[in-house]
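Contents: one structure, followed by commentary.
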Amino acid sequence: MTLLPFHRRDLFAISLMVFGFSAGASPDAGPQLWGIDYGGSTDPALARRYNLLVLEPGFNRPLAPLRGKGAKLLGYISLGEVHMDRPFAPALAKAGALGDPNPNWRDARYADLRHPAWQTMVLDELVPTILRKGYDGIFMDTLDNAEALERQKPGMLASAAELVRAIRKRFPGTTIMMNRGYAILPKVVSHIDIILAEAMASRWNFAGKHYEMTSADDWEWQAVKLNAARAANPRLNLMTLDYWDPADQATIAALYARERAAGFQPYVSTLALDRLIPEPRS
């Protein structure tokens, strides 16, 4: 696996010199240590270290052993696409609510956010099922697909925003975390609690099959979106998710330092997101 030749001191220096503004997070702004684990064998001792955890709700397991004191657990839900191994996928396909496969994840098909069958399933079945299992809220993924498909399917963006607002209205006391979704963010910023910037400083290169740093422009573009969202909703928590080889502890530590220097709450993992990876000790 080819990695870019970044060193910890270089990365941290760049973050301070080029991206010197802060998201304005206060010490009590919300979860300070968070993580994602879509695997089915989450380590309870490690899980309890986190203030916020995003988990795959499809596994039937007790949540109490994974919950630290005062922590919140969020169940994953993909709104912009559906993996075909989900039990509800055949019914959606039959109803015409699913589109083409995602080229990066061939087992997933794009969801038509405009389709009543999908909207009804999300509001009446999927979100309630997650909450009944004991989760404190939901983590909404793949809403960026609405922007990518808007030209071919006009109305996707409006429907995506309306679905987020409908979730908040239907479940007012739940914690709602949204992954990116920047095209609809201004329309839903007051209806969510947490915004996640995925692949903020580093990402997986699907073509080259290696981890790489994002460009300075890419990082700044997301940072501007996060800060604008915080300005519109001062209670919003700003999280980042970066991807890197877990064997390269120095670069991972530098990624944490870079994001925190800008006022964000970071987590660094592998593309699989199938286990919790502790932050390197300084």
Side-chain angles (χ1 to χ4, degrees), residues 3-37 46 49-54 71-72 74 139 141 144 177-182 185 189 192-205 211-231 233-273 275-282:
L3 303 180
L4 296 186
F6 259 74
H7 300 287
R8 180 178 182 180
R9 63 179 182 275
D10 299 329
L11 185 57
F12 185 60
I14 290 173
S15 71
L16 292 178
M17 289 186 295
V18 181
F19 310 113
F21 56 87
S22 168
S26 61
D28 60 350
Q32 299 298 309
L33 189 63
W34 81 281
I36 297 180
D37 183 1
L46 182 55
R49 299 182 193 176
Y50 293 87
N51 304 101
L52 177 79
L53 272 181
V54 175
K72 290 191 174 184
L74 306 184
F139 169 65
D141 197 18
D144 274 359
M177 181 177 185
M178 185 171 80
N179 185 15
R180 297 172 61 99
Y182 296 127
L185 182 55
V189 68
I192 62 175
D193 304 290
I194 307 165
I195 183 70
L196 173 66
E198 183 182 12
M200 180 77 174
S202 61
R203 64 191 172 200
W204 175 255
N205 183 313
Y211 295 103
E212 65 183 13
M213 294 295 170
T214 61
S215 69
D217 287 344
D218 285 344
W219 190 98
E220 187 173 15
W221 183 83
Q222 287 208 72
V224 168
K225 298 291 186 183
L226 295 182
N227 281 306
R230 167 66 66 73
N233 178 4
R235 298 178 62 85
L236 194 66
N237 285 286
L238 311 181
M239 312 298 208
T240 64
L241 172 62
D242 289 309
Y243 297 111
W244 205 256
D245 180 353
D248 184 359
Q249 296 279 286
T251 301
I252 290 174
L255 288 166
Y256 274 99
R258 177 182 187 177
E259 306 295 26
R260 286 198 178 110
F264 307 133
Q265 298 177 37
Y267 179 63
V268 182
S269 187
T270 64
L271 183 68
L273 294 170
R275 61 190 172 98
L276 290 171
I277 301 178
E279 180 178 354
R281 294 183 178 181
S282 55

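Note that the coordinates shown come from a computational prediction; the quantities given were computed from them, not determined experimentally. Sequence positions, counted from 1, serve as the residue numbers for this chain.
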Any chance you could measure [X], atom [atom1], to [Y], atom [atom2], to the nearest 0.5 Å?
{"X": "L241", "Y": "S202", "atom1": "CG", "atom2": "OG", "result": "8.0 Å"}
{"X": "L53", "Y": "L46", "atom1": "CG", "atom2": "CG", "result": "8.5 Å"}
{"X": "D245", "Y": "T270", "atom1": "CG", "atom2": "OG1", "result": "9.5 Å"}

Does a salt bridge link D141 with R180, judged by any charged N lying under 4.0 Å from a carboxylate O? no
Identify whether the distance between the nearest side-chain nitrogen and carboxylate oxygen of D37 and R275 falls below 4.0 Å.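 Salt bridge between D37 and R275, a charged N being under 4.0 Å from a carboxylate O: no.
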So does [Y] get a backbone contact from the side chain of [X], meaning a donor-acceptor N/O pair under 3.5 Å?
{"X": "T240", "Y": "A197", "result": "no"}
{"X": "N227", "Y": "A223", "result": "yes"}
{"X": "N51", "Y": "L33", "result": "yes"}

State, to 0.1 Å, how close [X] and [Y] come at their nearest heavy-atom pair, and which atoms those are.
{"X": "T214", "Y": "A199", "value": "CG2-O, 3.5 Å"}
{"X": "K225", "Y": "L185", "value": "O-CD2, 4.2 Å"}
{"X": "S269", "Y": "I277", "value": "OG-CD1, 3.8 Å"}
{"X": "P280", "Y": "A253", "value": "CG-N, 4.1 Å"}
{"X": "A262", "Y": "W219", "value": "CB-CH2, 3.6 Å"}
{"X": "W34", "Y": "M177", "value": "CZ3-CE, 3.8 Å"}

Side chains of [Y] and [X]: any donor to acceptor distance under 3.5 Å?
{"X": "Q222", "Y": "Y182", "answer": "yes"}
{"X": "E279", "Y": "Y267", "answer": "no"}
{"X": "D217", "Y": "W221", "answer": "no"}
{"X": "E212", "Y": "W244", "answer": "no"}

Check whether any side-chain heavy atom of [X] lies under 4.5 Å from a side-chain heavy atom of [Y], and answer yes or no.
{"X": "M178", "Y": "F139", "answer": "no"}
{"X": "I194", "Y": "L236", "answer": "no"}
{"X": "D218", "Y": "R203", "answer": "yes"}
{"X": "V268", "Y": "Y256", "answer": "yes"}

Side chain to side chain contact (heavy atoms under 4.5 Å, CB included), paired with M239, selected from I36, I195, L52, V54: L52
Of the options M213, M200, R260, which is the one that meets L255 in a side chain to side chain contact (heavy atoms under 4.5 Å, CB included)?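 The option that passes is M213.
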Intermediate values then yes/no, side chain to side chain contact (heavy atoms under 4.5 Å, CB included), V224 and L226: CA-CA 5 Å; V224 168; L226 295 182; over 6 Å; no
With under 30° as parallel and over 60° as perpendicular, where do the rings of Y211 and W204 fit, or are they tilted in between? perpendicular
